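The structure appears right after this line, and notes come after that.
Owing to the predicted nature of the structure, the values given are computational and were not obtained by experimental measurement.
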Amino acid sequence: MTAAEFRLPQATPRRTDIAFPFRIDRRGRTADAAYEDHVRDMIEQLLFTSPGERVMRPDFGCGLLDLVFAPNSPELASALQLSVQAALQRWLGDVIEVESLEVVSEENVVRVHLGYAVRRTGARRDEVFEGRGIR
């Protein structure tokens, strides 16, 4: 057997994702999250971060909470849905595939109903993200 024929299996590095919001676990270490939970956390951060809020990424975010107190209308709902769809595609398009999306704005609450597939694992999830405005 030649050296080219004899190959040891490549070990895949263990992936560690930090939980959101940041916290310390019961061992006194930085809490981690399973990959699918980490993806959900990334979506939540994207949805409820306003553009200009992140110093090194001023264009990151959706700005959903900026529109919580805007007068509710079909036009606003359509604009919100397009804004969310565009942000998800731009920032997380290589991580998730959006299967369904509905944005609902009522009073001071915005709810995003999102069905998506995690590209890396193929796991399908349906999540509801809720943000409240404070006046």
Side-chain angles (χ1 to χ4, degrees):
M1 184 182 303
T2 67
E5 294 172 331
F6 180 75
R7 291 200 176 141
L8 294 174
Q10 294 289 327
T12 57
R14 183 174 181 273
R15 184 180 172 100
T16 302
D17 295 304
I18 296 173
F20 173 79
F22 182 83
R23 61 187 174 275
I24 304 300
D25 66 12
R26 66 180 183 272
R27 301 171 299 172
R29 298 179 181 167
T30 300
D32 57 356
Y35 183 69
E36 281 86 9
D37 294 332
H38 175 66
V39 170
R40 186 202 182 286
D41 293 345
M42 289 192 302
I43 294 169
E44 184 175 357
Q45 289 175 55
L46 174 63
L47 293 177
F48 299 115
T49 299
S50 296
E53 192 174 332
R54 295 246 173 121
V55 176
M56 299 303 285
R57 294 253 187 228
D59 53 342
F60 179 83
C62 271
L64 280 182
L65 294 181
D66 297 340
L67 300 173
V68 168
F69 294 109
N72 203 356
S73 68
E75 293 81 15
L76 176 65
S78 293
L80 285 172
Q81 194 150 333
L82 286 173
S83 173
V84 169
Q85 180 74 37
L88 288 169
Q89 181 62 39
R90 178 176 182 195
W91 295 103
L92 296 174
D94 59 334
V95 177
I96 64 169
E97 180 178 341
V98 176
E99 295 177 340
S100 64
L101 173 65
E102 181 183 9
V103 179
V104 179
S105 176
E106 320 170 320
E107 301 259 335
N108 65 336
V109 178
V110 174
R111 277 187 204 87
V112 177
H113 301 267
L114 178 63
Y116 63 95
V118 179
R119 292 187 189 275
R120 182 171 166 222
T121 63
R124 296 195 177 328
R125 295 185 76 163
D126 290 309
E127 302 282 352
V128 177
F129 301 90
E130 186 174 287
R132 296 184 180 275
I134 299 172
R135 247 196 193 184

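In this model, no donor atom of one side chain and acceptor atom of the other lie less than 3.5 Å apart for Q45 and R40.
Heavy atoms from other residues, nucleotides or ligands lying under 6.0 Å from CZ of R23 number more than 12. Annotation: I18, atom CD1; neighbour count of heavy atoms from other residues, nucleotides and ligands within 6.0 Å does not exceed 12. A 6.0 Å sphere centred on CZ of R124 holds no more than 12 heavy atoms belonging to other residues, nucleotides or ligands. Within a 6.0 Å sphere centred on CZ of R120, heavy atoms belonging to other residues, nucleotides or ligands number more than 12.
Rounded to the nearest 0.5 Å, atoms CH2 (W91) and OG1 (T49) are 10.5 Å apart. The distance from the CG atom of D41 to the CG atom of L46 is 12.5 Å, given to the nearest 0.5 Å. In this structure, the separation between CG on L64 and CZ on F129 is 11.0 Å, given to the nearest 0.5 Å. Interatomic distance, CG of D126 versus CD of E99, reported as 8.0 Å (0.5 Å rounding). Of the inter-residue distances, the one linking F22 atom CZ with T30 atom OG1 reads 4.0 Å to the nearest 0.5 angstrom. Atom SG of C62 sits about 6.0 Å away from atom CG of L88, to the nearest 0.5 Å.
Judged by distance alone, with hydrogens and angles left aside, the side-chain atoms of E127 form no donor-acceptor pair with the main-chain N or O of G115 at under 3.5 Å. Although no hydrogens or angles enter the test, the distance criterion places no donor-acceptor pair under 3.5 Å between the side chain of Q89 and the main chain of A86. Looking at R54, its side chain never comes within 3.5 Å of a backbone N or O of G52 through a donor-acceptor pair. Looking at R119, its side chain does come within 3.5 Å of a backbone N or O of G93 through a donor-acceptor pair.
Between Y35 and V95, some side-chain heavy-atom pair lies under the 4.5 Å cut-off. Within the 4.5 Å cutoff, no side-chain heavy atoms of I24 are placed close to those of R29. At a threshold of 4.5 Å between non-hydrogen side-chain atoms, the residues R125 and D37 count as touching. For the pair M42/L92, a side-chain contact is recorded, criterion being any heavy-atom separation below 4.5 Å from C-beta on. Annotation: side chain of V118 is in contact with side chain of T121 (closest heavy-atom distance under 4.5 Å).
Minimum interatomic distance between E102 and V104 (heavy atoms only, all atoms of both residues): OE2-CG2, 3.8 Å. In plain terms, the two heavy atoms of A87 and G61 that are nearest each other are CB-O, 4.1 Å.
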Exercise for the section: For the pair V128 and V112, evaluate side chain to side chain contact (heavy atoms under 4.5 Å, CB included) and give the outcome as yes or no after the intermediate values. Expected result: CA-CA 6 Å; V128 177; V112 177; over 6 Å; no
>> Would F48 and E130 count as a side chain to side chain contact (heavy atoms under 4.5 Å, CB included) here? Give the steps.
In response: CA-CA 9 Å; F48 299 115; E130 186 174 287; 5.7 Å; no
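Following chains of ILVMFWY side-chain contacts shorter than 4.5 Å, one can reach L101 starting from Y116, so the two form part of one hydrophobic cluster. Residues L114 and F20 do not share a hydrophobic cluster, clusters being chains of Ile/Leu/Val/Met/Phe/Trp/Tyr side chains in contact below 4.5 Å.
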